[in-house]
Visitor: 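Quick one: the structure is below, questions incoming.
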Amino acid sequence: MSLQVRSQVSLKPFNTFGIDVNANWFVEVHDDAEVREALAYACDRQLPVLLLGGGSNLLLTGDVSALVVRMASRGIRVLHDDDEQVIVESEAGEPWHPFVQWSLEQGLAGLENLSLIPGTVGAAPMQNIGAYGVEIKDVFAGLTALDRQSGELRDFTLEECAFGYRDSVFKQTLDRWVILRVRFKLDRKARLHLDYGPVRQRLAEQGIDHPAPLDVSRAICSIRREKLPDPAELGNAGSFFKNPVISAALAAQIKLGHPGLVAYPQADGRVKLAAGWLIEQAGWKGYREGDAGVHRLQSLVLVNYGAATGTQLHRLARMIQADIAQRFAVTLEMEPNLY
Ligand code: EPU
């Protein structure tokens with residue numbers, strides 16, 4: 001057995017909330033064989049398994065009585081290049097933002113709007129990460145996953161992933177699949193998406209009339225840095241709640257009392273609300289209890305000022321959910337996985 005399974009390992013460096021709990025068993029895996037070995041190790045000892053990428057979409061509420069398997073596989077390769085479209089494959093353990101930067105340095109467009117999102121490539125399809133009008137499904141060319149039930153490798157097409165808003169077949173069946181590598185279809189000729197929120201305006205402020213993908217990436221990094229706390233400085237897991245999608249009738253009713261409601265009509269006739277706006281209206285922006293708080297610039301982000309526990313953060317989240325339900329009759333769903 002070449003694997004280094006360690007016991008009683010602090011997970012503080014391995015979750016962006018910076019929650020200080022221990023894993024009873026912990027192992028880093030670097031390739032398919034080590035993934036299989038780790039799963040076999042857990043199976044032999046009847047241990048549950050918690051798969052970890054960058055730990056950026058996770059709220060740990062206590063010591064983890066499982067084998068924590070941290071995906072640490074690396075490698076990026078070009079599978080196809082016809083001078084227009086390029087298919088790139090990345091191992092699951094590659095950190096997301098450096099992968100985006102690498103693609104831009106190669107002159108490849110498509111991932112620029114997804115700049116500076118924490119986490120790993122392998123975790124990105126899990127919740128169909130999205131930002132500034134682009135989701136991973138828009139540039140997705142397939143992935144390879146290990147079926148934990150049968151032990152077989154399986155390739156997934158776009159349709160088979162069942163991507164939705166911060167959702168996928170992998171999020172629905174958390175314990176079934178280990179995503180090993182992901183493929184993206186990128187373009188040599190950029191088709192930029194500049195229409196979301198402040199992107200175009202930021203580029204104009206910078207005096208850029210004809211942006212290249214790298215310019216868009218830089219603009220998005222600057223927007224994100226202004227509003228979203230850096231997990232290295234202030235523990236957080238990005239948006240803590242999903243933006244709720246509600247009926248047009250309920251949105252109209254809320255708007256009567258709140259004319260400033262931020263709402264985006266959806267293709268199916270329903271309406272997506274900005275949860276951050278709802279939470280701010282309800283007075284939670286900047287709220288702090290002990291070391292658990294609501295970020296002072298972006299209400300959708302819960303933060304750990306240092307020694308908050310996952311239970312304290314979860315309690316704060318439930319208080320916010322209950323308040324929003326009472327005030328607006330809207331249900332807020334958590335984005336991070338709870339463990
Ligand atoms: N707003 C407020 N108060 C707040 C926060 C937001 O009024 O405290 C308003 C903003 O003024 C704006 C609207 O709400 O009119 C939307 O805000 P923003 O553009 O910041 O985006 P968001 O809806 O809060 C979503 C994603 C983010 C993603 C941004 C940009 C979700 C749950 N979150 O946030 O994703 O970066 O759009 O595309 O969909 C994440 O998932 O972890 C994440 C950070």
Side-chain angles (χ1 to χ4, degrees), residues 1-6 9 11 14-15 23-58 60 64-80 87-96 98-99 118-129 136-137 139-164 166-185 336-339:
M1 160 81 70
S2 58
L3 280 188
Q4 297 269 316
V5 178
R6 294 186 283 148
V9 173
L11 292 178
F14 302 115
N15 73 102
N24 279 9
W25 298 274
F26 179 90
V27 68
E28 283 189 332
V29 291
H30 303 86
D31 55 31
D32 293 11
E34 288 189 358
V35 172
R36 287 182 187 279
E37 244 182 284
L39 295 177
Y41 181 98
C43 188
D44 289 349
R45 292 158 182 80
Q46 295 186 315
L47 301 174
V49 168
L50 171 60
L51 280 167
L52 211 56
S56 57
N57 197 45
L58 176 68
L60 294 164
V64 178
S65 182
L67 174 64
V68 172
V69 178
R70 181 165 185 265
M71 300 296 289
S73 52
R74 304 298 285 261
I76 301 172
R77 58 196 77 88
V78 172
L79 297 185
H80 169 84
I87 307 289
V88 170
E89 181 177 75
S90 168
E91 294 297 320
E94 287 285 344
W96 177 260
F99 171 63
T120 56
V121 170
M126 185 66 78
Q127 53 153 356
N128 182 24
I129 59 168
I136 205 179
K137 71 169 172 49
V139 285
F140 183 81
L143 64 74
T144 303
L146 176 68
D147 184 347
R148 286 172 56 184
Q149 281 171 13
S150 69
E152 280 169 15
L153 294 186
R154 175 167 156 195
D155 285 344
F156 282 78
T157 62
L158 177 66
E159 292 70 30
E160 288 165 345
C161 292
F163 288 127
R166 295 295 189 278
D167 198 20
S168 72
V169 69
F170 311 104
K171 182 144 186 175
Q172 292 303 325
T173 48
L174 265 186
D175 287 336
R176 172 111 191 238
W177 304 101
V178 182
I179 296 174
L180 297 173
R181 44 199 155 267
V182 188
R183 294 173 283 283
F184 301 88
K185 56 175 196 297
N337 299 319
L338 197 66
Y339 198 94

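All heavy atoms count here, side chains included; hydrogens, waters and symmetry mates do not. One-based numbering along the sequence shown. Since we're looking at a predicted model, the values are computed, not measured.
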Visitor: Give me the atom names and distance for the closest heavy-atom approach of Thr120 to Gly54.
Guide: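 Of all heavy-atom pairs spanning Thr120 and Gly54, the closest is CG2-N, 3.5 Å.
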Visitor: Could you tell me which non-hydrogen atom of Gly151 sits nearest to which non-hydrogen atom of Leu146, and how far apart they are?
Guide: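 Taking every non-hydrogen atom into account, O-CD1, 3.4 Å.
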Visitor: With rounding to the nearest 0.5 Å, note down the distance linking CE in Met71 to CG in Asp31.
Guide: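 Interatomic distance, Met71 CE to Asp31 CG, rounded to 0.5 Å: 9.5 Å.
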Visitor: Side chain to side chain contact (heavy atoms under 4.5 Å, CB included) between Arg70 and Val9: does it pass, once the steps are laid out?
Guide: CA-CA 12 Å; Arg70 181 165 185 265; Val9 173; over 6 Å; no
Visitor: Taking the side chain as everything from C-beta on, heavy atoms only, tell me whether Asn57 gets closer than 4.5 Å to Pro336.
Guide: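 The answer is yes, as the side chains (C-beta and beyond) meet within the 4.5 Å cut-off.
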Visitor: For Asp155 and Glu160, work out which heavy atoms get closest and say how close.
Guide: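 Looks like O-OE1, 3.5 Å.
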Visitor: For the backbone of Asp32 and the side chain of Arg36, can you confirm whether one donor and one acceptor N or O come within less than 3.5 Å of each other?
Guide: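 Side chain of Arg36 to backbone of Asp32: no pair is present.
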Visitor: Applying the side-chain hydrogen bond (donor to acceptor under 3.5 Å, both in side chains) test to Thr144, which of Arg154, Arg183, Glu89 qualifies?
Guide: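 Result for side-chain hydrogen bond (donor to acceptor under 3.5 Å, both in side chains) with Thr144: Arg183.
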Visitor: Is the side chain of Asn15 donor-acceptor paired with the backbone N or O of Gly55 at a distance under 3.5 Å, no angle test?
Guide: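 Not confirmed, Asn15 side chain does not pair with Gly55 backbone.
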Visitor: Please work out which of the three classes, parallel, tilted or perpendicular, describes the rings of Phe163 and Phe140, given edges at 30° and 60°.
Guide: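 Phe140 vs Phe163 ring planes: perpendicular.
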Visitor: If you measure from OG on Ser56 to CD on Gln127, what distance do you get to the nearest 0.5 Å?
Guide: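 Rounded to the nearest 0.5 Å, the OG-CD separation comes out at 7.5 Å.
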Visitor: What's the shortest heavy-atom distance between Lys137 and Asn128, and which atoms?
Guide: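 Minimum heavy-atom separation between Lys137 and Asn128: N-OD1, 3.2 Å.
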Visitor: If I compare all heavy atoms of Thr173 with all of Val169, which pair ends up nearest, and what's the gap?
Guide: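 The answer is OG1-O, 2.7 Å.
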Visitor: Would you give the length of the straight line joining atom OG of Ser150 to atom CZ of Arg176, rounded to the nearest 0.5 angstrom?
Guide: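 If I round to the nearest 0.5 Å, the distance is 6.5 Å.
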Visitor: I'd like to know whether the aromatic ring centres of Trp177 and Phe156 sit less than 6.0 Å apart in this structure.
Guide: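 Between Phe156 and Trp177, which both carry aromatic rings, the centre distance is below 6.0 Å.
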Visitor: Yes or no on side chain to side chain contact (heavy atoms under 4.5 Å, CB included) for Leu67 and Tyr41, after CA distance, side-chain angles and deciding distance?
Guide: CA-CA 9 Å; Leu67 174 64; Tyr41 181 98; 4.0 Å; yes
Visitor: In Å and rounded to the nearest 0.5 Å, what is the CD to OG distance from Glu34 to Ser73?
Guide: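 Interatomic distance, Glu34 CD to Ser73 OG, rounded to 0.5 Å: 9.5 Å.
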Visitor: Side chains of Val69 and Val35, heavy atoms from C-beta outward: is any pair under 4.5 Å?
Guide: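 The answer is no; the side chains never approach within 4.5 Å.
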Visitor: Roughly how far, to the nearest 0.5 Å, is the CG atom of Leu11 from the CG atom of Leu52?
Guide: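 Reported value, rounded in 0.5 Å steps: 7.0 Å.
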Visitor: Quick one: do Glu91 and Val121 satisfy side chain to side chain contact (heavy atoms under 4.5 Å, CB included)? Show the steps, please.
Guide: CA-CA 7 Å; Glu91 294 297 320; Val121 170; over 6 Å; no
Visitor: Give, for atom CG of Leu51 and atom CG of Leu39, the distance between the pair rounded to the nearest 0.5 Å.
Guide: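 The CG atom of Leu39 is 7.0 Å from CG of Leu51, to the nearest 0.5 Å.
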Visitor: Indicate the atoms forming the closest heavy-atom contact of Ala72 with Glu28, along with that distance.
Guide: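 Closest heavy-atom pair between Ala72 and Glu28: CB-CB, 4.5 Å.
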Visitor: Under a 4.5 Å cut-off applied to non-hydrogen side-chain atoms, are Pro125 and Lys171 in contact?
Guide: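 No, every pair of side-chain atoms sits at 4.5 Å or beyond.
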Visitor: Please assess Leu47 against Asn24 for the test side chain to side chain contact (heavy atoms under 4.5 Å, CB included), listing each intermediate value before the final yes or no.
Guide: CA-CA 10 Å; Leu47 301 174; Asn24 279 9; over 6 Å; no
Visitor: Any side-chain heavy-atom pair from Phe14 and Val68 closer than 4.5 angstrom?
Guide: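 Answer no - side chains too far apart.
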Visitor: Would the distance check show the side chain of Ser90 and the main-chain N or O of Val182 forming a donor-acceptor pair, the cut-off being under 3.5 Å?
Guide: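 No: the side chain of Ser90 does not pair with the backbone of Val182.
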